[in-house]
> 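Sending over a structure as structure tokens; questions will come in a sec.
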Amino acid sequence: MTFEVEPTEGNSEWFTNDRFGLFIHWGLYSLAARHEWLQSREKLSGEKYSSKYFNRFDPDLYDPELWAQLAADAGMKYFVVTTKHHEGFCLWDSKLTDYKATKSPAGRDVLRPMIDAFRSRDMKVGLYYSLIDWHHKHYTVDTKHPLRLDPEFIAGSKELDFSIYRDYLYGQTKELMTEFGKIDLMFYDFSFPSENGLPGKGKEDWGSEELIRLIRSRQPGILLNDRLQVGGDITTPEQYMPTKWVQVNGKRVVWETCHTFSGSWGYHREEETWKSVDVLVKMLIDAVSRGGNLLLNVGPTGRGEFDERAIDRLKGIGEWMKRHSRSIYGCTQAPDTLECPQDCRLTYNPQTNRMYVHVYSWPFKNIQLHGLAGKVEYAQLLNDASEIRFKQGFVASGIDNGAFKEGRDENTLVLSLPVKKPNVTVPVIELFLK
């Protein structure tokens with residue numbers, strides 16, 4: 001069984017197969033090490049911000065091959081990197097600005113070797129680009145701008161020509177779409193409403209429809225997210241886990257939820273709310289069991305390394321994925337007709353016709369699967385391919401035969417589990433369906 005999902009103009013086949021990606025937030029804010037929005041939070045002008053951090057961006061320990069290998073070992077199949085975040089600093093050698101890595105002490109394009117490293121490991125390439133730009137001299141005041149409360153800037157903003165910034169946005173998009181080979185995914189960020197007497201910015205400001213035509217003319221098949229305020233191929237809930245398959249106008253859509261390891265996208269030295277490997281693995285399972293993807297973020301340091309806490313989590317996820325990726329890749333939500341057992345999540349691979357029972361809380365001896373009697377050929381633990389025996393169907397003669405004790409009826413399949421939980425983060429039982 002497959003679900004009816006709104007078709008995408010871009011190629012989403014690889015996306016719904018791969019399910020798990022790495023988000024990378026890296027920029028000048030990594031030097032401040034206290035959140036990627038610090039320029040807005042601390043109301044710093046572009047000049048004050050850049051004079052402090054731009055002249056000190058020198059990631060001497062940057063090793064994109066190591067980054068890509070850590071992601072690949074974690075089981076990730078694609079990545080998305082901030083080519084330019086809200087601060088306006090560009091990781092590549094853009095011809096349209098000097099506010100870029102090549103003009104900083106780094107002295108080099110740091111985007112191209114990253115793309116090459118991930119692509120060499122057969123990972124799909126995604127680029128993030130901020131529609132917001134707090135450095136560009138013609139980017140006007142709005143509810144997110146660092147100088148949104150500065151009377152002088154607000155007054156002067158009326159004299160700015162936002163169309164000049166929009167041309168810059170288009171020009172940099174052209175560079176990204178033409179200079180780095182095939183780009184599989186483009187993640188724009190973001191549109192927002194007016195608030196407290198200050199304007200927001202949306203599709204009319206960005207010229208979203210024209211921008212999309214520009215992108216698709218240069219990268220046919222590319223996937224676009226939904227933050228240009230004109231739809232898109234991928235719906236992108238952020239920092240929360242949907243409780244069911246995401247729908248738009250009552251129809252199921254291709255979706256991806258993006259999350260941080262902790263409470264910050266950029267490197268945050270003192271952030272302590274780091275999620276455990278157990279929580280992160282369950283987040284991935286939850287997303288796939290509801291027909292979605294997980295994009296999990298790391299914020300590298302100013303010297304170009306992954307935080308040791310991020311490395312620890314990536315390695316932990318990789319240990320689980322090494323033995324359980326079959327329950328993730330190519331999988332989706334199980335048919336609605338099936339009742340998910342207590343403390344479990346189901347995923348289903350329609351190509352192989354296998355069901356996966358992810359056991360969040362290891363029960364005593366049995367798991368009951370209502371509606372699967374007579375539909376399973378074989379069952380095994382996925383981590384070691386050890387057989388799981390099962391009983392099914394209704395036995396009519398009294399309670400001593402065990403039917404009453406197991407709660408079985410003619411539609412229920414009962415898996416007979418070992419008493420001891422397997423030594424993995426989340427055990428998975430693979431069901432070979434008839």
> Any donor-acceptor pair under 3.5 Å linking the side-chain atoms of Gln333 with those of Asp336?
yes
> Show the atom names and distances, to 0.1 Å, of all donor-acceptor pairs under 3.5 Å that link a side chain in residues 373-380 to residues at least two apart or in another chain.
| residue | atom | partner | partner atom | Å |
| --- | --- | --- | --- | --- |
| Lys375 | NZ | Gly371 | O | 3.2 |
| Gln380 | NE2 | Glu430 | OE1 | 2.8 |

> Can a salt bridge be assigned to the pair Glu308 and Arg313 using a cut-off of 4.0 Å between side-chain N and carboxylate O?
no
> Hey, would you say the Phe57 and Phe89 ring centroids sit under 6.0 Å apart?
yes
> Kindly confirm or rule out a cation-pi arrangement of Lys77 over Tyr329, judged by NZ or CZ under 6.0 Å from the six-membered ring centre and within 45° of its axis?
yes
> Would you kindly say whether Thr143 and His145 are connected by a side-chain donor-acceptor distance under 3.5 Å?
no
> Could you check, using the six-membered ring where one of them is a Trp, whether Tyr62 and Trp26 have ring centers closer than 6.0 angstrom?
yes
> Do Glu238 and Arg227 meet the salt-bridge criterion of a basic N to acidic O distance under 4.0 Å?
yes
> Side chain of His25, backbone of Val298: donor and acceptor closer than 3.5 Å?
no
> Report the C-alpha distance between Asp205 and Arg166 in whole Å, list the side-chain angles of each, state the deciding distance to 0.1 Å, and finish with yes or no for salt bridge (Lys or Arg N to Asp or Glu O under 4.0 Å).
CA-CA 8 Å; Asp205 301 283; Arg166 186 164 52 243; 5.8 Å; no
> Any salt bridge (Lys or Arg N to Asp or Glu O under 4.0 Å) pairs touching residues 256-271, not counting sequence neighbours?
none
> Is it true that the side chains of Asp286 and Ser289 contain a donor and an acceptor less than 3.5 Å apart?
no
> Say whether Thr412 and Gln368, considering side chains only, have a donor N or O and an acceptor N or O under 3.5 Å apart.
no
> Hydrogens and angles aside, do His85 and Ser130 bring a side-chain donor and acceptor to less than 3.5 Å of each other?
no
> May I have the step-by-step check of salt bridge (Lys or Arg N to Asp or Glu O under 4.0 Å) for Glu195 and Arg148, ending in yes or no?
CA-CA 11 Å; Glu195 186 179 354; Arg148 60 192 174 275; over 6 Å; no
> Please say whether more than 12 non-hydrogen atoms of neighbouring residues, nucleotides or ligands are located less than 6.0 Å from NZ in Lys434.
yes
> Quick check on the 6.0 Å ring-centre criterion: do Trp37 and Tyr29 meet it?
no
> Identify which one of Glu175, Lys84, Lys103, Lys100 satisfies the side chain to side chain donor-acceptor pair (under 3.5 Å) criterion when paired with Ser94.
Glu175
> Consider only side-chain N and O atoms of Gln239 and Thr260, and report whether a donor and an acceptor are under 3.5 Å apart.
yes
> Can the ring centres of Tyr348 and Tyr356 be said to be less than 6.0 Å apart?
no
> For Phe192, is the NZ or CZ atom of Lys201 found under 6.0 angstrom from the centre of its six-membered ring and inside 45 degrees of the ring axis?
no
> Can a donor-acceptor pair be found between the side chains of Trp206 and Ser191 at a distance below 3.5 Å?
yes
> Side chains of Asn17 and Glu13: do they bring a donor and an acceptor to under 3.5 Å?
no
> Checking Thr102 against Asp109: is there a side-chain donor and acceptor pair closer than 3.5 Å?
no
> I'd like to know if Asp116 pairs up with Arg112 as an ion pair, taking the criterion as any Lys NZ or Arg NE/NH1/NH2 lying under 4.0 Å from an Asp or Glu carboxylate oxygen.
no
> With sequence neighbours excluded, what pairs up with Asp122 under the salt bridge (charged side-chain N to carboxylate O under 4.0 Å, His left out) test?
none
> With Tyr139 as reference, evaluate Ile132, Leu169, Leu131 under the side chain to side chain contact (heavy atoms under 4.5 Å, CB included) test and give the passing residue.
Ile132
> Within a reach of under 6.0 Å around CD of Glu209, are more than 12 heavy atoms found that belong to other residues, nucleotides or ligands?
no
> Side chains of Tyr188 and Thr173: any donor to acceptor distance under 3.5 Å?
yes
> Could you check whether Asp233 pairs with Arg216 (Lys NZ or Arg NE/NH1/NH2 to Asp/Glu carboxylate O, under 4.0 Å)?
yes
> Determine, for Trp245 and Arg252, whether the Lys NZ or Arg CZ falls below 6.0 Å from the six-membered ring centre while staying within 45 degrees of the axis.
yes
> Verify the neighbour count for atom CG of Asn423: are there more than 12 heavy atoms of other residues, nucleotides or ligands below 6.0 Å?
no
> Could you check whether Arg309 pairs with Asp307 (Lys NZ or Arg NE/NH1/NH2 to Asp/Glu carboxylate O, under 4.0 Å)?
yes
> Search all heavy atoms of Gly291 against all heavy atoms of Thr332 and return the closest pair with its distance.
CA-OG1, 3.7 Å
> Indicate whether the side chain of Asp278 and that of Ser276 have a donor and an acceptor atom separated by less than 3.5 Å.
no
> For the NZ atom on Lys421, are there more than 12 heavy atoms of other groups (residues, nucleotides or ligands in this structure) within a distance under 6.0 Å?
yes
> Only one of Tyr49, Tyr99, Tyr53 clears side chain to side chain donor-acceptor pair (under 3.5 Å) with Glu87; which?
Tyr49
> Answer yes if the side chains of Tyr78 and Asn293 hold a donor-acceptor pair under 3.5 Å, and no otherwise.
yes
